[in-house]
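Index from 1, following the sequence.
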Amino acid sequence: MRRTPEDPTSNIQHLVNQTIESLRNLVPNAPTTVADEIQDAVFDAIHAIDNDMRALNLAIHDNPELGFREFKAHENLVKALEKLGFKMSNPSSLPTAFVATYTHGEGGRVFGLNSEFDALPDVGHACGHNLIAVVGVAAAAGLKAALKACNISGTVKLIGTPAEEGGGGKVILLNEGVYDDLDACGMAHPGGGYGPSPFTGSCPIDGPATLARSGFEIEFHGRGAHAGAAPWMGINALDAAVQGYSAVSMLRQQLEPTMRVHGIIQGSERWAQNIIPSYAKVSYSTRALDVKACLDLRRKTIACFKSAAEATGCTYDVTAPDEEVYADVQNNKPMSLSYQAFMEKTFGDKIEMTGMSTASTDYGNVTYKCPAFTPNFAIPSPVGSGNHTAGFTESAGKPEAHRLAMKVAKGLAVIGAKFLSDDEFAKEVKKEFKKFKREVGEA
């Protein structure tokens, strides 16, 4: 029987095909693997330098240096990378920053990696930046080997980023154009000490993986006086700091569960118990789901201290640099899913893809600049000895922590090689980033 245009069955196949295509668009592409020769090149290269990486790891771990003053770590990292055949440069204003570059072939994409190496006051490498440093070096070496062995055109750049724990080294490097030529970027961060978990790591997608953070300092200026003979002649700067501290504690009652405010009072080196303090200082951070909410919370927090200054008769100076504004981390979905699939298939790891850390990092700003991802990996650490504790410092120096770091370096290098060698995957990565930028605007 001849069908007429009005016959509804004539369009059934068309409707079926249209429906299938619509459903396909809702389902992310299954993460693909890389060729065996790429994986072999990465693994062989990282295995060959394992002893050197362990020595570098301990050299950084056992000589902790604060942000912008990581001179020994910088020297050791540069020497290691020069030995591995990277071209070294420092196109920034930060003395302890560096860029290690290797290019193979003509053209191709640029994949970036990051090494952090600053420590914390008193507790040293309590955030495991010694591990982050060698993960970056090993991943760069593995990726370099894959480019050469498999004749992949492209460039790997390892960026050494000072002062993550305060100072915003990556924010400064971003502002100075160091990240401008990257097509994609990766790094990894250790954690642990929070109790048993079915997961060996995490790389959350579809939302913030960390909180945004902003920092500020306020100096209070009063007038000194004899605390016994004539206290009424003084203007107590410490009172201003304490009143502001108390006001912030009251403010916390009205904060959302994902918001944080924390800080310290400084200036004790100038104080004596029989003198009305003429100077005090507070150093604070605010955290929230995104930069806008974080800056709004900073404004409210600063208002607490301004009111305290007025109440006590003090003058004040506020310092709130842009470098101290860390964006929330937004992991690129295709790279994160590929990393999850690779680590599970190759090592049997279980990577958690949901949730959020209420910590913050200046790497968040990088994830707004180019497609980027940062998996966290768990290292053995006693319960209660999480990041930023002395117990975690000890854990970060252990052989098992190093072994896990080298495993993660292999994963980063493989995803980097996949991005540089697989045009369709690179297109998917960039498409997802453009979609993300449209959703959030150019913040």
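The pair E75-K72 does not count as a salt bridge, with every side-chain nitrogen at least 4.0 angstrom from each carboxylate oxygen. R403 has a carboxylate O that lies under 4.0 Å from a charged side-chain N of E400, or vice versa, which qualifies the two as a salt bridge. At a threshold of 4.0 Å, the pair R213-E324 counts as salt-bridged, since one of the basic side-chain nitrogens sits closer than that to a carboxylate oxygen. At a threshold of 4.0 Å, the pair D423-R109 counts as salt-bridged, since one of the basic side-chain nitrogens sits closer than that to a carboxylate oxygen. Using a 4.0 Å cut-off between a side-chain N of Lys or Arg and a carboxylate O of Asp or Glu, D349 and K407 qualify as a salt bridge.
Relative orientation of the Y102 and H104 rings is parallel, given thresholds of 30° and 60° on the angle between their planes. Under the 30°/60° scheme for interplanar angles, the aromatic rings of F419 and F425 are found to stand perpendicular. Below 30°, between 30° and 60°, or above 60°: for Y245 and Y284 the angle between ring planes is above 60°, a perpendicular geometry.
There is no side-chain donor-acceptor pair under 3.5 Å between T210 and S357. Under 3.5 Å, the side chains of N114 and E116 contain no donor-acceptor pair of N or O atoms. Counting only N and O atoms by type, the side chains of T96 and E70 include a donor and acceptor under 3.5 Å apart. For the residue pair E165 / H129, a side-chain donor-acceptor distance below 3.5 Å is found, with atom types taken as modelled. Counted by atom type alone, D50 and H402 present one or more donor-acceptor pairs between their side chains at under 3.5 Å.
Residues M356 and L211 have side chains in contact (heavy-atom distance under 4.5 Å, counting atoms from C-beta outward). Side-chain contact between M353 and C203 is present, with at least one heavy-atom pair separated by less than 4.5 Å. Between F117 and L77, the closest side-chain pair of non-hydrogen atoms falls below 4.5 Å. Under the 4.5 Å side-chain criterion, counting only non-hydrogen atoms from C-beta, F71 is in contact with R69. Between R438 and K434, the closest side-chain pair of non-hydrogen atoms falls below 4.5 Å. Looking at S93 and I172, their side chains come closer than 4.5 Å, going by heavy atoms from C-beta outward.
Using modelled atom types, no side-chain atom of T346 and backbone atom of M343 make a donor-acceptor pair closer than 3.5 Å. In this structure, the side chain of N376 does not engage the main chain of P190 through any donor-acceptor pair within 3.5 Å. Formation of a donor-acceptor pair under 3.5 Å by the N57 side chain with backbone atoms of P399 is not found in this model. No donor-acceptor pair closer than 3.5 Å links the side chain of S381 to the backbone N or O of G193. In this structure, the side chain of S307 does not engage the main chain of C304 through any donor-acceptor pair within 3.5 Å. Counting only distance, with no hydrogens or angles, the side chain of K437 and the backbone of Y368 share a donor-acceptor pair below 3.5 Å. With N90 contributing its side chain and S92 its backbone, the two residues share a donor-acceptor pair below 3.5 Å. The backbone N or O of R287 sits nowhere less than 3.5 Å from a side-chain atom of H262 that would complete a donor-acceptor pair. A donor-acceptor pair under 3.5 Å is formed between the side chain of T200 and the backbone N or O of K350. T155 places no side-chain N or O within donor-acceptor distance of the main-chain N or O of V110, the cut-off being under 3.5 Å.
The residue from L131, N387, T361 that alone fulfils the side-chain contact (heavy atoms from CB on, under 4.5 Å) condition with H189 is N387.
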Practice prompt. Dump the intermediate steps for side chain to side chain contact (heavy atoms under 4.5 Å, CB included) on I218 and I302, then the final yes or no.
Written response: CA-CA 8 Å; I218 301 180; I302 290 174; 4.2 Å; yes

Worksheet entry | From CA spacing to verdict: side chain to side chain contact (heavy atoms under 4.5 Å, CB included), I159, F98 | CA-CA 6 Å; I159 302 175; F98 63 80; over 6 Å; no

Worksheet entry | Candidate pair E65 and N63, rule side-chain hydrogen bond (donor to acceptor under 3.5 Å, both in side chains), full reasoning | CA-CA 6 Å; E65 299 166 296; N63 295 279; over 6 Å; no

Practice prompt. Begin from the C-alpha positions of S338 and K418 and carry the test side chain to side chain contact (heavy atoms under 4.5 Å, CB included) through to its verdict.
Written response: CA-CA 9 Å; S338 290; K418 180 177 172 64; 3.6 Å; yes

Practice prompt. Kindly determine whether V282 and Q266 satisfy side chain to side chain contact (heavy atoms under 4.5 Å, CB included), including the steps that lead there.
Written response: CA-CA 6 Å; V282 295; Q266 299 174 302; over 6 Å; no

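In this structure, E176 has no salt bridge (Lys or Arg N to Asp or Glu O under 4.0 Å) partners at least two apart in sequence or on a different chain.
With a 6.0 Å cutoff to the six-membered ring centre and a 45° limit on the axis angle, K369 does not count as a cation-pi contact of Y179. Judged by the 6.0 Å and 45° rule, R298 forms no cation-pi pair with F216. Geometrically, K170 does not engage Y363 in a cation-pi contact defined by less than 6.0 Å to the ring centre and at most 45° from the axis.
The 12-atom threshold is not exceeded at CG of D122, counting heavy atoms of other residues, nucleotides or ligands nearer than 6.0 Å. Enclosure of atom NZ in K430 by more than 12 non-hydrogen atoms of other residues, nucleotides or ligands within 6.0 angstrom is indicated. Counting heavy atoms of neighbouring residues, nucleotides and ligands inside a 6.0 Å radius, atom CD of E256 does not exceed 12 of them. In the displayed structure, D322 atom CG is contacted under 6.0 Å by at most 12 heavy atoms of other residues, nucleotides or ligands.
Residues V134 and M406 come closest through the heavy atom pair O-CE, 3.8 Å.
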